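To keep things clear, I will list the structure first and then write my remarks on it.
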Amino acid sequence: MYSKIIAFSCFLFLALQSYGQVDTILLGFGESDISVTASDNEDQAQNTTSAAGYLPNSAASARFLTYSSLAYNFDDIYTVDTMGIEDWIDDQLATPRLFTLDEKIHEYALYAQDSTGEFGYSTRMWRYAWWNYFMKSEDILRQKVAYALSQIVVISSVSGFENRTLAFSSYYDMLLDNAFGNYRDLLGDVTFHSAMGAYLTYVNNSKAVPAENKFPDENYARELMQLFTIGLHELNLDGTPKLDSLGELIPTYGNYEIAEFAKVFTGLTWGDREYFNKSARHDTSYRIPMIMFNEYHEPAEKNLLNGYVIEERTTVDGIADINDALDNVFNHPNTAPFICKLLIQRLVTSNPPPPYVERVSMVFENNGSGVRGDLAAVIKAILLDPYVNNCGVQEDPTFGMLSEPFLRYLQIHKAFNAYTDSGNYRNDMRDVYQRIDQRPLGAPSVFNFFQSTYQPLGPINDADLYAPEFQLADSKSLMGYFNGLDNWIRNNNYADELILFQDENSAGYLDEQTQLDFGAELLLTGDQNIVYLIDRLNLLLARGNLSDESFNKIVTAVKNYPLYNEDSHQDRLELAILLIMASPEYLINR
Amino acid sequence: MTNFSRRKFLRDSTCAAMGSTAFLSSAINLGMFNTLAARPHILNNNNDYKAIVCVLLAGGCDTYNVLVPTDDDPYAEYESTRIGISLDRTDEEQLKILNRPAGLPEFGVHGALGDVKTMFDAGELSFLTNVGTLSEPIANYTEYNDALKKRPLGLYSHSDQQMQWQTSLPDTRTGLGFGGRMADILHDMNTIDKISMNISLDGKNRFQVGSSTAEFSIANNATPDNLGYSGYPSWYQESGFLNDNKNGTIKSLADQTYNNIFQQTLGALTSSTADSIEIYKTALGKLTPLSTTFSETRFSNDLKMVAELISVHQHLGLNRQVFFVKVNGFDNHSNLLDEQNNVLPEVNAGLLEFKNALQEIGKFNDVVTYTISDFARTLTSNGSGSDHAWGGNQMIMGGAINGGQIFGEFPSLALDGLLNVSHRGVLIPTTSIDEFYAEIALWFGVSPNDIDYVLPNLCRFYDSSNCTTSIPSDYMPIGMFQ
């Protein structure tokens with residue numbers, strides 16, 4: 001006798017629950033106009049509203065954690081269940097960083113020095129540092145936001161400085177530090193970051209020399225506007241396009257403004273150089289903000305957006321110019337809806353209704369205390385919005401998003417409490433990258449892994465809606481993912497633990513091999529318990545979204561796997577995980 | 001018929017357009033007969049095989065360093081405009097001089113393109129010069145600044161321009177791809193309905209999306225053994241049963257009916273992928289290995305896979321194939337000269353090897369390979385690189401083309417030239433993508449009656465009277481094909 005998780009999951013009712021026991025009963029109750037899955041145990045459930053207000057049921061908590069974390073486990077679900085989402089967010093906003101990636105890399109470099117006698121960096125160190133942070137640090141909301149930002153203000157290891165590990169660690173640290181900060185501060189840190197200077201080629205960008213037909217590099221000027229702040233055409237506060245009298249889009253800038261902004265981003269060079277136009281000195285050059293050499297900065301006036309002019313200064317001041325230009329784009333009316341819509345798409349849903357975008361944009365414009373660009377307030381507004389937390393939203397056929405393949409991979413590790421003997425982790429994320437083309441800071445270009453306006457053929461395109469993540473879903477990468485599940489779960493290749501430096505002895509890091517904890521699940525692989533197993537995995541992985549039809553198919557397929565021997569129990573469990581993670585109801589966040 | 005009504009006709013066909021390739025497709029799309037019943041009416045016989053290979057040089061290739069005028073006067077313009085980023089015509093490492101086409105000036109190609117030069121000289125490859133995105137013809141700088149002239153949306157933006165090279169629709173940010181619309185028209189020339197004739201070596205792209213066509217994406221190392229689901233190894237007890245149980249359940253979950261449009265889309269993709277892959281496994285199992293050797297670069301491996309899929313086209317039931325291949329590394333805002341020296345050798349080797357392979361399987365005359373790129377780059381330098389511009393030069397290769405030619409009008413590279421619209425050196429294209437693609441489409445078998453479905457804006461370039469006349473007979477605005 002069991003009762004399935006109720007498929008809808010709005011934040012209305014407190015459910016009765018206990019965890020990790022064979023007789024787990026997970027129940028929720030719907031409003032009268034919502035059909036509730038038949039259950040033998042309805043009379044046992046408590047139709048209770050907490051005195052403190054609405055608390056989520058567990059499926060709703062899992063759904064919320066899909067929005068607010070990279071990945072989660074049962075403890076996280078329980079925490080959200082207990083605290084409610086607003087307190088949980090506040091708690092997360094106050095959760096400090098556990099360490100910086102740069103600190104971790106310093107440890108690695110010292111460790112390498114013990115063996116090699118040389119203090120040095122290797123490409124892998126930053127990915128190992130990222131992975132350790134992911135596995136260990138409890139600031140899971142900050143990590144989700146930083147990851148979303150890494151797909152907006154994009155730099156990538158698909159670049160000429162691929163092997164400069166500190167470029168990526170320090171950039172990612174900067175994103176983590178700014179995740180709950182102000183978007184204007186983020187723009188400043190991004191703009192002066194050497195890795196961005198190298199990636200978009202404005203480090204050592206010099207003022208014009210007209211006699212030599214030499215003019216400032218336009219790369220950063222363009223992408224700063226197109227991708228990091230205002231976008232290509234004018235927007236209303238709700239994210240919909242403004243149209244001119246002919247019904248046409250109104251461009252936000254033209255090539256003239258690009259050339260004017262390009263003048264602003266001149267004169268910057270490596271922070272550890274005494275002369276302009278030198279190359280990077282070392283890995284460490286990438287973590288020092290760029291500095292200004294005013295004699296290489298374009299002195300002329302700059303005509304920016306909306307009539308704003310930086311007048312020619314009596315003394316050239318490139319830093320002041322850059323700050324003025326960043327203020328100009330930050331204060332542009334497009335920035336709130338443009339950035340807010342991108343963040344909603346990264347966290348919650350591919351097609352946020354305009355009123356939802358508008359509510360969040362208003363918070364971007366003013367956090368309630370007159371501050372513009374407060375990301376903590378914006379994130380809170382995104383996650384607490386009534387549209388998202390309304391019961392009916394899951395019934396809307398256009399609500400939701402395809403989960404990112406990389407986040408599915410992360411979920412395996414979190415959901416099954418990946419651990420190592422030493423408590424230190426290694427994962428180069430190479431196998432997953434080869435199969436599904438994603439890992440942190442690994443986008444093919446500044447246009448990210450996918451574009452926010454991607455429209456796949458079929459009902460999404462027909463409805464003129466967007467599905468950015470589908471740009472990564474083709475016959476090759478989809479099969480790559482299914483077979484990745486095979487490799488990660490069935491072949492137990494959970495992580496890529498590889499040497500950190502030439503000639504490292506692999507015996508030295510046997511205690512950093514990732515293992516998963518299937519203890520609770522392995523109790524549920526006998527024929528009569530498989531329904532409980534799928535029930536548990538449905539909540540943990542699929543947020544309770546499996547339909548009866550899918551649920552029953554998976555139960556049948558797992559039962560079909562014969563119990564040949566003791567190992568067959570784990571084989572059954574692995575098949576169950578794999579099938580759930582291959583189902584459309586799991587793959588679509590909604 | 002205007003564009004709109006023409007397209008509407010294709011979708012909602014009630015009148016017959018016998019002799020038009022569209023008729024069969026529209027009939028099939030509408031389910032007027034089932035596809036098998038429709039097939040006997042196919043116009044071309046099975047021996048007629050053709051393929052198109054679109055090579056995207058991603059990032060915006062600086063093609064005014066790929067094709068360089070080497071006669072004294074135009075070279076002097078080139079050199080004085082491109083100070084700091086020009087190539088030296090007296091140094092064969094930097095520029096290789098092409099055989100002078102009859103009646104045309106002399107040109108050189110980038111020094112890394114030695115095999116391209118050889119193929120050009122042998123009549124196997126040509127260039128199309130100063131081609132680019134255009135909403136309508138723009139004759140000069142004055143017209144560019146005339147508010148009545150329509151410019152492409154998002155000119156100079158990577159995302160827009162890369163997409164417009166794939167859609168040939170510079171007025172919109174949505175829309176189907178050129179290859180996809182050709183497939184809408186020509187799909188029924190193939191014999192296995194569920195196999196897409198559009199095959200991508202670079203995953204999703206807009207080029208190959210039609211109203212009823214999406215790309216089939218394949219890895220460049222695909223073999224019958226590594227295609228499709230991995231699973232329980234054969235030494236497992238009952239591995240066949242176990243794999244059927246696993247894979248059958250995945251398929252069954254995908255085939256369910258879903259209300260949510262994301263679930264629908266994913267389910268359909270999963271299901272069609274599984275179906276197609278089975279056919280690909282079988283077809284590649286019949287491959288005779290190519291003896292042509294390919295370099296170990298991504299581009300060469302991609303083209304090797306393309307050659308293999310061409311050689312097994314009959315086993316895929318495909319008489320028409322459209323391939324999409326991408327080479328990265330052309331957004332050279334800095335270190336242009338070094339970066340081109342890194343990436344152009346890959347392009348050079350890949351094209352030569354692909355030509356050799358096509359000749360080995362006897363298909364060089366049936367396959368047209370051409371390059372596209374986001375845009376050309378500013379003629380002037382930004383220090384060591386160049387920035388986003390507009391019209392540029394592209395290559396076209398194949399036995400069916402007039403080789404050894406420079407098609408189009410090579411522009412003046414002087415900054416005071418009439419086509420230049422910026423102090424940076426940005427050239428208005430003198431040939432539109434529509435004209436470029438029209439010749440390819442007509443060669444590929446698209447009927448002149450259907451050309452305005454495939455290239456809805458084409459009429460703007462042959463008909464100045466607001467698209468009221470139909471396509472001229474024997475329309476060949478460029479003359480690329482024999």
Side-chain angles (χ1 to χ4, degrees), chain A residues 201 204-206 212-219 222 226 232 249 255 258-259 397-398 400-402 444 447 451 453 455-460 463-465 467 470-471 473-479 482-483 486-487 549-550 553-554 557 560-562 564 575 578-579 582-585 587-588 590, chain B residues 59 81 83-84 153-160 173-174 200 203-204 209 214-219 228-231 237-238 242 245-246 249-250 252-254 256 258-270 273 276-277 328 333-334 380-383 385 387-388 415 422-424 426:
Chain A
T201 62
N204 291 323
N205 185 21
S206 178
E212 294 174 23
N213 279 346
K214 214 168 93 178
F215 301 94
D217 184 323
E218 297 173 352
N219 202 7
R222 185 178 299 280
Q226 181 172 346
L232 288 162
L249 297 173
N255 232 20
I258 294 293
T398 67
M401 63 190 283
L402 174 62
F447 288 85
Q451 288 177 249
T453 53
Q455 300 183 298
L457 193 65
I460 296 170
D464 201 19
L465 295 172
F470 269 91
Q471 204 170 348
D474 55 59
S475 47
K476 171 174 159 271
S477 60
L478 196 64
M479 202 46 82
F482 291 141
N483 292 340
D486 238 9
N487 187 45
E549 191 182 357
S550 306
K553 278 179 188 169
I554 294 169
N560 279 346
Y561 196 104
Y564 300 114
L575 178 63
L578 189 150
L579 290 175
S583 70
E585 284 146 338
L587 291 164
I588 304 305
R590 52 181 271 273
Chain B
T81 299
I83 300 170
L153 270 180
L155 204 50
Y156 318 116
S157 133
H158 282 296
S159 48
D160 283 305
R173 292 202 162 95
T174 59
S200 173
K204 290 284 183 191
V209 177
E215 86 298 328
F216 178 79
S217 181
I218 193 165
Y229 293 109
S230 58
Q237 261 185 76
E238 302 180 282
L242 296 179
N245 185 47
K246 170 174 82 85
T249 305
I250 293 175
S252 169
L253 290 166
Q256 280 171 209
Y258 294 102
N259 283 331
N260 182 280
I261 58 173
F262 295 91
Q263 293 178 343
Q264 278 172 31
T265 306
L266 192 75
L269 179 67
T270 304
T273 295
S276 296
I277 278 181
N328 287 315
H333 286 279
S334 66
T380 63
S381 159
N382 62 25
D387 296 321
H388 304 182
L415 289 178
S422 159
H423 66 288
R424 298 298 315 277
V426 171

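Sequence lines set the chain letters: A, B, ... in the order given, protein chains first and strands last, and positions in each chain run from 1. The figures here come from the full heavy-atom set of this structure, side chains too, leaving out hydrogens, waters and symmetry mates. Being a predicted model, the structure only gives us computed values, none of them experimental.
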So which part of A:Gln451 gets closer than 4.5 Å to some heavy atom of chain B, the side chain, the backbone, both or neither? side chain
How far apart are the closest heavy atoms of A:Pro584 and B:Gly267, and which atoms are they? CG-CA, 4.3 Å
Say you draw a straight line from CG of B:Asp387 to CZ of A:Phe215; how long is it, rounded to the nearest 0.5 Å? 11.0 Å
A:Asp217 side-chain N/O to B:Ser334 backbone N/O, donor-acceptor pair under 3.5 Å: no
When the 4.5 angstrom heavy-atom criterion is applied to B:Ser276 and chain A, the contacting part is neither
Working to the nearest 0.5 angstrom, can you tell me the gap between B:Leu266 CG and A:Ser583 OG? 9.0 Å
Under 4.5 Å from any heavy atom of chain B, what part of A:Pro216 do you find: side chain, backbone, both or neither? backbone
Tell me whether the rings of B:His158 and A:Phe447 are parallel (<30°), tilted (30 to 60°) or perpendicular (>60°). perpendicular
Identify the heavy atoms of B:Lys204 and A:Ala473 that sit nearest to each other, and give their distance. CE-O, 2.7 Å
So which of B:Asn259, B:Asn245, B:Leu155, B:Thr273 has the biggest tally of heavy-atom pairs under 4.5 Å with chain A? B:Asn245
Measuring from atom NZ of A:Lys214 to atom CD1 of B:Ile83, what distance do you get when rounded to the nearest 0.5 angstrom? 10.0 Å
CD-OG distance between B:Gln263 and A:Ser550, expressed to the nearest 0.5 angstrom: 8.5 Å
Between A:Asn487 and chain B, with a heavy-atom cut-off of 4.5 Å, which part of the residue counts as in contact: side chain, backbone, both or neither? neither
Nearest non-hydrogen partners of A:Ala557 and B:Thr249, listed with the distance: CB-OG1, 3.3 Å
Distance from A:Asn560 atom CG to B:Leu242 atom CG, nearest 0.5 Å? 9.5 Å
When rounded to the nearest 0.5 angstrom, what is the spacing between OH in B:Tyr229 and CG in A:Asp486? 10.5 Å
Decide yes or no on side chain to side chain contact (heavy atoms under 4.5 Å, CB included) for B:Ser200 and A:Lys476, but give the supporting numbers first. CA-CA 9 Å; B:Ser200 173; A:Lys476 171 174 159 271; over 6 Å; no
Heavy-atom proximity to chain B below 4.5 Å, by part of A:Ser206: neither
For chain A, find which of B:Lys246, B:Gln256, B:Arg424, B:Gln264 contributes the most heavy-atom pairs closer than 4.5 angstrom. B:Gln256
Could you look at A:Leu478 and say if it's the side chain, the backbone, both or neither that has a heavy atom under 4.5 Å from chain B? side chain
Can you list the steps and then say if B:Ser159 with A:Gln226 is a side-chain hydrogen bond (donor to acceptor under 3.5 Å, both in side chains)? CA-CA 10 Å; B:Ser159 48; A:Gln226 181 172 346; 2.8 Å; yes
Select, from B:Ala254, B:Gly385, B:Ala214, B:Gly231, the one with the greatest count of heavy-atom pairs under 4.5 Å involving chain A. B:Gly231
Candidate pair B:Tyr258 and A:Glu585, rule side chain to side chain contact (heavy atoms under 4.5 Å, CB included), full reasoning: CA-CA 9 Å; B:Tyr258 294 102; A:Glu585 284 146 338; 3.6 Å; yes
Structural part of A:Ala463 lying under 4.5 Å from a heavy atom of chain B: neither
In sequence, state the C-alpha distance, the side-chain angles, and the governing distance for A:Met479 and B:Ile277, and then conclude on side chain to side chain contact (heavy atoms under 4.5 Å, CB included). CA-CA 10 Å; A:Met479 202 46 82; B:Ile277 278 181; 3.7 Å; yes
Answer yes or no: is there a side-chain heavy-atom contact under 4.5 Å between A:Asp474 and B:Phe216? no
What I'd like to find out is whether the side chain of B:Leu253 reaches to under 4.5 Å of the side chain of A:Lys553, using heavy atoms alone. yes
Please find the pair of heavy atoms, one from A:Asn205 and one from B:Asn382, that lie closest to each other, and give the distance. OD1-O, 4.3 Å
One option among B:Leu415, B:Val209, B:Thr380 has the most heavy-atom pairs under 4.5 Å with chain A, and it is B:Thr380
Looking only at heavy atoms and a cut-off of under 4.5 Å, which of A:Leu575, A:Leu578, A:Thr453, A:Leu402 has the most pairs with chain B? A:Leu575
Please confirm whether the backbone N or O of B:Ser217 pairs with a side-chain atom of A:Ser475, one donor and one acceptor, at under 3.5 Å? yes
B:Ser157 versus A:Leu232: any side-chain heavy-atom pair under 4.5 Å? yes
Test side chain to side chain contact (heavy atoms under 4.5 Å, CB included) on A:Arg222 and B:Tyr156 and set out the steps. CA-CA 9 Å; A:Arg222 185 178 299 280; B:Tyr156 318 116; 3.4 Å; yes
B:Thr265, B:Thr174, B:Asn328, B:Ile250: which one forms the most heavy-atom pairs within less than 4.5 Å of chain A? B:Thr265
